[in-house]
Q: 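Following this message is one structure expressed as structure tokens.
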Protein chains: 2
Amino acid sequence: MNDATPIVRKGRKFDQVLDGARDVFMVDGFEGASVDDIARAAGVSKATLYSYFPDKRLLFMEVANMECARQSQSAVDFIDMNAAPRDVLCQAGKHFLRFITSKFGQQIFRICVAESDRFPEIGRAFYKSGPERMRAVMGEYFRAAVERGDLDIDDFTLAADQFGELCKADVWPRLMFGVVDTVSDADIDRVVDNAVQTFLARYGT
Amino acid sequence: MNDATPIVRKGRKFDQVLDGARDVFMVDGFEGASVDDIARAAGVSKATLYSYFPDKRLLFMEVANMECARQSQSAVDFIDMNAAPRDVLCQAGKHFLRFITSKFGQQIFRICVAESDRFPEIGRAFYKSGPERMRAVMGEYFRAAVERGDLDIDDFTLAADQFGELCKADVWPRLMFGVVDTVSDADIDRVVDNAVQTFLARYGT
DNA sequence: CACAATATAAACTGTTCCGTTCAGTTTCTA
DNA sequence: TAGAAACTGAACGGAACAGTTTATATTGTG
């Protein structure tokens, strides 16, 4: 399981390969994406691709890591943490739900769930930069809000998880399993408003 | 999209095929499972298998449907719908969480999420016999409980979804993404008890 | 210019696997 | 017990795909 041929980053076309791989993986998933397709999408020969990456799996890992890092970076930057809890939660919930219902969020989730059985590193990397990061950020907010007397929470981590799950109700599974293929803003508003209401019924002051 | 060759249920070895398919799919996933392996595991020739099922996809769908139906049936049978709401919810929640955290429930979910992009029927069928069935059963219970004055719910469907999601908090994503690979009874109790508490804070009387 | 690193296209290897076919055997049933 | 229905085993067609090789071309650099 040791990498005799580690990833090589030098060379003019490294980024091209990564971009092409990202595009194809996002459309076709891991098994569904053929290396020929990736090479074509990247505008690169297959031999060149294999000179950068020893195999398909490591190529995907590199793409997934990049993409998760990029997402978690931009995810929670723009919410005003000093507003009233109801507003903070609504903003955060809607932002979150919009992301996980986007074509992009869906596909990353799909691939990570499917492949983390065969390649556990993929799943763990996703968890760290996705759910775990959300936990941390919300936990921090909860701590401050409790200190101000705005919320009454004992287990910050569990509360954060509960909120995230509440936001998924109804709309997310229907999308994930292809019962619908679009989610309206009205749906998002309805679900998140309801999630916030339930959440505050338990943890509000 | 019409099935020129529908599933044939007569024949001595129908159940053998289904059992073998279930075992192999659960270990190898959908793409990973080869039809030859399934036939071998079922103790049946490939020709026999194909005399029952027109293709691999429909074979899998049958397995998934059976298993979901079996599960939701056992949940309905097992739970005393006349107990106090807190007890009913605790029982239902624990039953549900035990199922979706079982090796079996995990794998079904994994496969359906992964494949419902390429084969939407798989996802939709799973949704119908899984989440949607849970909605129906819980919705019915809610209606009765509201009539008795035990609960105060306006949107039965959304409430059912919220309860299901609340039960997943914390423990389920960690399992799904390989952060842990076992869930203790204590974890299940803790998460469900908390889910019930949050749920009743909103909908209890 | 010369030379070395990098890139290319295309053919090739080896494998996996779905689904079909068919001649022959076993099991059921009337 | 005879014919029908179900089943078998093995082979095969055909396609997809990961990864390699080869002979050639492009690019950057001292």
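In the text below, chain A, chain B and the rest are named by the order of the sequence lines, each starting its count at 1. Fair warning: this is a prediction, and the values are worked out from it, not measured in the lab.
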Q: In whole angstrom, give the distance that lies between atom CZ of B:Arg118 and atom P of C:dC18.
A: 14 Å

Q: Under 4.0 Å between a side-chain N or O of B:Tyr52 and OP1 or OP2 of D:dA6?
A: no

Q: Take the protein atom CZ of B:Phe25 and the nucleotide atom P of C:dC17, then report the distance between them rounded to whole Å.
A: 13 Å

Q: Just the rounded figure in Å: distance from P of C:dT8 to CD1 of A:Ile38.
A: 15 Å

Q: May I have the distance from B:Asp37 (atom CG) to C:dG19 (atom P), rounded to whole angstrom?
A: 15 Å

Q: Between B:Gln73 and B:Asp77, is any side-chain donor less than 3.5 angstrom from a side-chain acceptor?
A: yes

Q: Can B:Ile188 and B:Val171 be said to form a side-chain contact (heavy atoms from CB on, under 4.5 Å), step by step?
A: CA-CA 8 Å; B:Ile188 289 182; B:Val171 69; 5.6 Å; no

Q: Is a donor from one side chain sitting under 3.5 angstrom from an acceptor on the other, for A:Thr48 and A:Ser45?
A: yes

Q: Checking side-chain polar atoms at under 3.5 Å, does A:Gln162 have a donor or acceptor matched by the opposite partner on A:Tyr203?
A: yes

Q: Is there a donor on the side chain of B:Lys46 or the base of D:dG9 sitting less than 3.5 Å from an acceptor on the other?
A: no

Q: So if I take every side-chain heavy atom of B:Lys56 and compare against C:dA7, D:dG19, C:dC18, which nucleotide ends up nearest?
A: C:dC18

Q: Roughly, in whole Å, what's the span from CG in B:Leu49 to P in D:dG9?
A: 14 Å

Q: Just to be sure I understand the rule, does B:Ser34 reach a base, reach only the sugar-phosphate, or reach nothing, if contact means heavy atoms closer than 4.0 Å?
A: sugar-phosphate

Q: What nucleotide, of D:dC7, C:dT20, C:dT8, holds the atom closest to the side chain of B:Arg12?
A: D:dC7

Q: Please classify the nucleic acid contact of B:Ala39 as base, sugar-phosphate, or nothing, using heavy-atom distances under 4.0 Å.
A: nothing

Q: To the nearest angstrom, how far is A:Arg40 atom CZ from D:dA16 atom P?
A: 12 Å

Q: Whole Å only: how far is the NZ atom of A:Lys13 from the P atom of D:dG28?
A: 10 Å

Q: Is the phosphate of D:dT21, meaning OP1 or OP2, less than 4.0 Å from a side-chain N or O of A:Tyr50?
A: no

Q: Here's a test of your reading of the structure: between B:Val44 and A:Asp36, which maps to the more 5' nucleotide of DNA chain D?
A: B:Val44

Q: Return no unless some side-chain N or O of B:Thr48 is found under 4.0 Å from OP1 or OP2 of D:dC7.
A: no

Q: What is the distance, to the nearest angstrom, from the CZ atom on B:Arg57 to the C1' atom on C:dC17?
A: 17 Å

Q: Would you verify whether the NZ or CZ of A:Lys13 falls within 45 degrees of the ring axis of A:Tyr52 while also being under 6.0 Å from that six-membered ring's centre?
A: no

